[in-house]
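Just so you know, ligand 1 is whichever comes first in the structure, and atom 1 is the first atom listed for that ligand. The basis for the numbers below is simple: all heavy atoms, side chains too, and nothing from hydrogens, waters or symmetry mates.
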Amino acid sequence: IDILSQVAQVDVNTGLSAAELVKIIPDYDALMIRSGTQVTKEIIEAGNLLKIIGRAGVGVDNVDVPAATRKGIVVVNSPEGNTIAAAEHAIAMMLSMSRHIPEANASVKSGKWERNRFIGVEVYKKTLGIVGLGKIGSHLAAAAKAMGMKLLAYDPFISTERAEQLGCRLVELELLMRESDYITLHIPKTPETLHLINAEVLSKMKPTARIINCARGGIIDEVALAEAIKSGQIAGAAIDVYEHEPLEADSPLRSVGQNIVLTPHLGASTAEAQVNVAIDVAEQIRDVLLGLPARSAVNIPGIYPDSIEKLKPYLQLAETLGNLVSQLAGGRVDY
Ligand code: NAD
Ligand code: MLT
């Protein structure tokens with residue numbers, strides 16, 4: 001708020017319905033949100049003064065980015081502010097699940113002392129399959145390696161060399177699902193990744209294997225996951241993100257029992273990450289309102305708004321050339 005107050009009047013409005021947001025948005029030059037607000041086409045179209053939408057976090061799947069782009073609205077995020085928090089949450093989920101920490105904690109607090117009920121498993125020398133070797137996946141790889149885990153990774157967009165630098169063997173998804181003892185997802189939610197982990201893919205996992213999703217709800221088919229754990233097809237899961245948030249009262253995940261650990265989208269919820277993403281996005285909103293470029297725009301390159309008009313035809317040419325080259329050239333990009 002201090003940063004934004006240098007250039008604008010700041011109103012803090014939380015818990016608005018979509019209809020309320022549509023009603024008030026015409027008065028605003030900028031909108032700042034976390035993951036709980038869906039910025040739909042209707043909201044964007046009503047935002048006649050809107051110049052920028054700031055997402056205090058990584059995922060922009062709750063913003064209709066194409067609609068914003070069509071209206072000339074810059075969408076910015078904080079690509080790195082919560083990387084460490086999310087990677088550490090995935091590690092915490094893996095260890096909690098392996099050592100039954102949530103159930104053991106509840107048991108002791110209820111007055112019991114059940115040492116034999118909570119025999120866990122070690123992660124040392126186990127194989128961890130990382131789906132998505134980007135910022136969070138890479139940080140997690142380093143931490144898991146330090147714990148003595150063997151690493152596999154599936155990411156069609158990174159080079160074998162990069163994976164090797166991180167101590168990972170780059171493999172196809174099917175092999176990763178078959179060979180891993182733990183599988184952790186760190187990919188964006190896109191039309192290609194929706195239900196990427198479905199009943200058929202889950203059926204490739206070992207019966208002793210466990211899966212972690214601290215990326216986005218909807219990447220795993222929740223009905224298929226609940227069924228796979230209940231039937232003993234896989235050993236367990238730890239889930240932070242859900243297809244519909246808040247998680248519905250009758251979600252099949254709630255009735256799986258002790259072989260699932262559920263947290264309410266806490267990946268980025270550390271004191272440090274909240275400050276990082278807030279500063280990152282507030283500074284970008286301030287800059288754009290001052291006519292300066294945004295450093296982490298997801299729909300417009302980081303160049304001065306005045307130059308964008310002149311560069312537009314070249315940007316379109318470069319995008320078309322890129323699309324053509326990606327179809328002509330086989331394999332991965334080396335860098
Ligand atoms: P990133 O962009 O740095 O990395 C994503 C990686 O996924 C990239 O390397 C990309 O090549 C890869 N990828 C894309 N499509 C793929 C596909 N179809 N198959 C396999 N790999 C694919 O992103 P990040 O910062 O590491 O974030 C990863 C995810 O974590 C995002 O979905 C983000 O929204 C989510 N996230 C969640 C929380 C939380 O609170 N739980 C916090 C931060 C980030
Ligand atoms: C993100 O994408 O950054 C996370 O989902 C964190 C959040 O905004 O809650």
Geometric N/O contact G59 with ligand 2, under 3.5 angstrom:
yes
Who's the nearest protein heavy-atom neighbour of [atom], and how far?
| atom | answer |
| --- | --- |
| atom 2 (O) of ligand 2 | R216 NH2, 2.6 Å |
| atom 23 (O) of ligand 1 | K135 NZ, 4.1 Å |
| atom 4 (O) of ligand 1 | G134 CA, 3.3 Å |
| atom 43 (C) of ligand 1 | N82 OD1, 3.2 Å |
| atom 5 (O) of ligand 2 | H265 NE2, 2.7 Å |
| atom 26 (O) of ligand 1 | I136 N, 2.9 Å |
| atom 14 (C) of ligand 1 | P188 CD, 3.5 Å |

When you check the side-chain N and O atoms of E243 and H195, is any donor under 3.5 Å from an acceptor?
yes
Would you say the side chains of S296 and N77 form a donor-acceptor pair under 3.5 Å?
no
Should [X] and [Y] count as side-chain neighbours, where that means a heavy-atom distance under 4.5 Å?
| X | Y | value |
| --- | --- | --- |
| Y28 | N13 | yes |
| I84 | E272 | no |
| K126 | Y182 | yes |
| R295 | D280 | yes |

Using a plain distance cutoff, I'd like to know if [X] has any nitrogen or oxygen under 3.5 Å from a nitrogen or oxygen of ligand 1.
| X | answer |
| --- | --- |
| K189 | no |
| C214 | yes |
| E192 | no |
| I187 | yes |
| A268 | yes |

Hphob cluster co-occupancy, V277 + V298, side-chain heavy atoms under 4.5 angstrom:
no
Once you restrict to heavy atoms under 4.0 Å, what part of [X] touches ligand 1? Side chain, backbone, both or neither.
| X | value |
| --- | --- |
| A86 | side chain |
| T193 | side chain |
| H265 | side chain |
| L196 | neither |

Please could you name the atoms of ligand 2 that [X] approaches to less than 4.0 Å, counting only its heavy atoms?
| X | value |
| --- | --- |
| G57 | 3 (O) |
| A268 | 6 (C) |
| R34 | 7 (C), 8 (O), 9 (O) |
| V58 | 1 (C), 2 (O), 3 (O) |
| S35 | 7 (C), 8 (O), 9 (O) |

Does a salt bridge link [X] with [Y], judged by any charged N lying under 4.0 Å from a carboxylate O?
| X | Y | result |
| --- | --- | --- |
| D181 | R210 | no |
| E179 | R169 | yes |
| R254 | E248 | no |
| E174 | R178 | yes |

Could you work out, for atom 8 (C) of ligand 1, the closest of L176, T83, D155, N62 by heavy-atom distance?
D155
